[in-house]
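Working notes, structure below.
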Amino acid sequence: MRNGKIFLMMSVLLLAACAKPVQSTQHRTTWQMDTPQHMLNLINQARSQARKCGNQHFAAAPPLAWSVKLERAATLHAQDMAKHNYYSHIGRDQSTFAQRIQAQGYQYSGIAENIYAHPMTAELAMEGWLKSEGHCRNLMNPQFTHVGMGMGYNPNSDWQTYWVQNFAHPLRFE
């Protein structure tokens with residue numbers, strides 16, 4: 001029995017040694033903390049309240065559904081901005097967000113993209129987007145039905161944390 005306990009203990013230590021370290025919760029810069037469900041909850045919470053974006057009033061908007069294709073397009077762009085220290089809707093390869101979304105296989109009839117750099121949490125990014133007229137309009141647009149959001153982090157870049165939201169309404173074939 002003693003050999004069994006030693007084997008079990010060594011297995012646990014081996015698994016612990018192979019586990020990916022989790023960054024401090026103080027920074028909250030990983031998907032381990034800001035899960036897609038958490039981000040979707042933040043977006044839908046914002047949409048659930050009427051608000052003013054610039055001079056335009058918006059009624060509460062219907063909740064969005066999460067799209068893994070939009071998430072993938074957003075994440076790839078956020079990670080590329082972080083890795084290469086730039087901040088733009090245009091990718092380093094000159095791709096537009098429309099092209100990045102299409103590359104993930106999402107067929108749409110309407111899309112929008114929000115980007116933001118520096119906030120260390122999804123909550124702070126959402127606060128910033130809601131204070132910005134154009135970003136707020138994208139968030140509150142009742143025509144959108146899907147969303148995906150991604151984050152990139154590089155402690156050696158100018159802004160460290162890069163956020164991207166992709167909103168879309170799918171193409172409907174009649």
Side-chain angles (χ1 to χ4, degrees), residues 18-47 49 51-56 58 61 64-106 108 110-141 144 146-169:
C18 293
K20 185 176 179 181
V22 177
Q23 291 182 345
S24 162
T25 57
Q26 177 184 7
H27 295 292
R28 296 192 56 182
T29 58
T30 68
W31 282 103
Q32 292 158 335
M33 292 300 296
D34 289 321
T35 64
Q37 185 61 54
H38 174 68
M39 293 184 183
L40 180 61
N41 290 344
L42 291 173
I43 292 163
N44 285 333
Q45 181 180 36
R47 287 172 61 90
Q49 302 170 32
R51 67 182 67 247
K52 189 175 177 183
C53 301
N55 293 326
Q56 188 173 357
F58 284 86
L64 297 174
W66 192 262
S67 165
V68 295
K69 292 176 181 179
L70 295 176
E71 174 190 356
R72 181 80 175 142
T75 299
L76 289 172
H77 186 53
Q79 289 175 348
D80 190 62
M81 287 191 294
K83 181 178 180 181
H84 298 284
N85 195 27
Y86 73 97
Y87 179 69
S88 176
H89 287 283
I90 303 298
R92 284 182 315 113
D93 61 357
Q94 300 305 303
S95 63
T96 64
F97 65 92
Q99 292 167 325
R100 292 188 295 271
I101 290 169
Q102 288 173 331
Q104 296 305 314
Y106 190 100
Y108 59 85
I111 56 171
E113 178 177 76
N114 285 349
I115 63 173
Y116 201 15
H118 190 63
M120 295 302 281
T121 66
E123 290 86 356
L124 291 173
M126 286 295 297
E127 285 177 27
W129 279 321
L130 289 171
K131 290 177 185 174
S132 165
E133 182 177 345
H135 296 110
C136 179
R137 287 181 179 172
N138 288 341
L139 276 159
M140 295 303 295
N141 186 330
F144 294 132
H146 291 126
V147 66
M149 188 168 161
M151 186 271 292
Y153 178 72
N154 179 354
N156 300 315
S157 69
D158 291 342
W159 296 285
Q160 296 186 352
T161 309
Y162 300 75
W163 299 92
V164 177
Q165 288 178 323
N166 286 327
F167 301 92
H169 185 271

* Asked: How would you list, by chain and number, every residue that makes a salt bridge (Lys or Arg N to Asp or Glu O under 4.0 Å) with R51, sequence neighbours excluded?
  ->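 With sequence neighbours excluded, R51 shows a salt bridge (Lys or Arg N to Asp or Glu O under 4.0 Å) to no residue whatsoever.
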
For the atom pair [atom1] ([X]) and [atom2] ([Y]), what is the distance rounded to the nearest 0.5 Å?
X: I111; Y: F144; atom1: CD1; atom2: CZ; result: 8.0 Å
X: L124; Y: H118; atom1: CG; atom2: NE2; result: 9.0 Å
X: M140; Y: Q49; atom1: CE; atom2: CD; result: 8.0 Å
X: H84; Y: Q79; atom1: NE2; atom2: CD; result: 10.5 Å
X: S95; Y: H89; atom1: OG; atom2: NE2; result: 12.5 Å
X: T161; Y: M120; atom1: OG1; atom2: CE; result: 4.0 Å

Between [X] and [Y], is there a donor-acceptor pair closer than 3.5 Å when you use the side chain of the first and the backbone of the second?
X: N114; Y: H135; result: yes
X: Q104; Y: I101; result: no
X: N85; Y: D158; result: yes
X: N166; Y: E113; result: no
X: W163; Y: P119; result: yes

* Show your reasoning for whether side-chain contact (heavy atoms from CB on, under 4.5 Å) applies to L76 and R100. => CA-CA 9 Å; L76 289 172; R100 292 188 295 271; over 6 Å; no

Test side-chain hydrogen bond (donor to acceptor under 3.5 Å, both in side chains) applied to [X] - qualifying residues, sequence neighbours left out:
X: Y116; value: none
X: E133; value: R137
X: N41; value: Q37
X: N55; value: none

Over all heavy atoms of both residues, which pair between [X] and [Y] is shortest? Give the atoms and the distance, please.
X: P36; Y: E71; value: CG-OE2, 3.7 Å
X: I115; Y: W129; value: O-NE1, 3.2 Å
X: A78; Y: M151; value: CB-C, 3.6 Å
X: A46; Y: L130; value: CB-CD1, 3.9 Å
X: A74; Y: G148; value: CB-O, 3.9 Å
X: A82; Y: G152; value: CB-C, 3.7 Å

* Asked: Can you name the ring-ring contact (aromatic ring centres under 6.0 Å, His included) partners of Y108, sequence neighbours left out?
  ->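 Once residues adjacent in sequence are excluded, Y108 has no partner under the ring-ring contact (aromatic ring centres under 6.0 Å, His included) criterion.
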
* Taking it one step at a time, do W159 and M81 satisfy side-chain contact (heavy atoms from CB on, under 4.5 Å)? -> CA-CA 10 Å; W159 296 285; M81 287 191 294; over 6 Å; no

* To do: Please examine the side chains of F58 and K52, heavy atoms only from C-beta on, and report whether any two atoms are closer than 4.5 Å.
  =>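 When only atoms from C-beta onward are counted, F58 and K52 do not touch, as no gap falls below 4.5 Å.
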
* Asked: Does the side chain of L139 come within less than 4.5 Å of Q165's, by heavy atoms?
  ->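 When only atoms from C-beta onward are counted, L139 and Q165 do touch, with a gap below 4.5 Å.
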
* **Plane angle bin for H146 and Y106 - parallel if under 30°, tilted between 30 and 60°, otherwise perpendicular** =>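 The arrangement is perpendicular - the two ring planes meet at more than 60°.
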
* Return yes when atom CZ of R47 has more than 12 non-hydrogen atoms of other residues, nucleotides or ligands closer than 6.0 Å, and no otherwise. =>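 Result for CZ/R47: enclosed.
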
* To do: Would you check if there is a donor-acceptor pair between the side chains of D80 and Y86 at a distance under 3.5 Å?
  =>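 A pair is found: one side chain offers a donor N or O, the other an acceptor, under 3.5 Å apart.
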
* **Modelled atom types, side-chain donor and acceptor of E123 and H38, under 3.5 Å** =>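 Indeed, the side chains of E123 and H38 share at least one donor-acceptor pair under 3.5 Å.
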
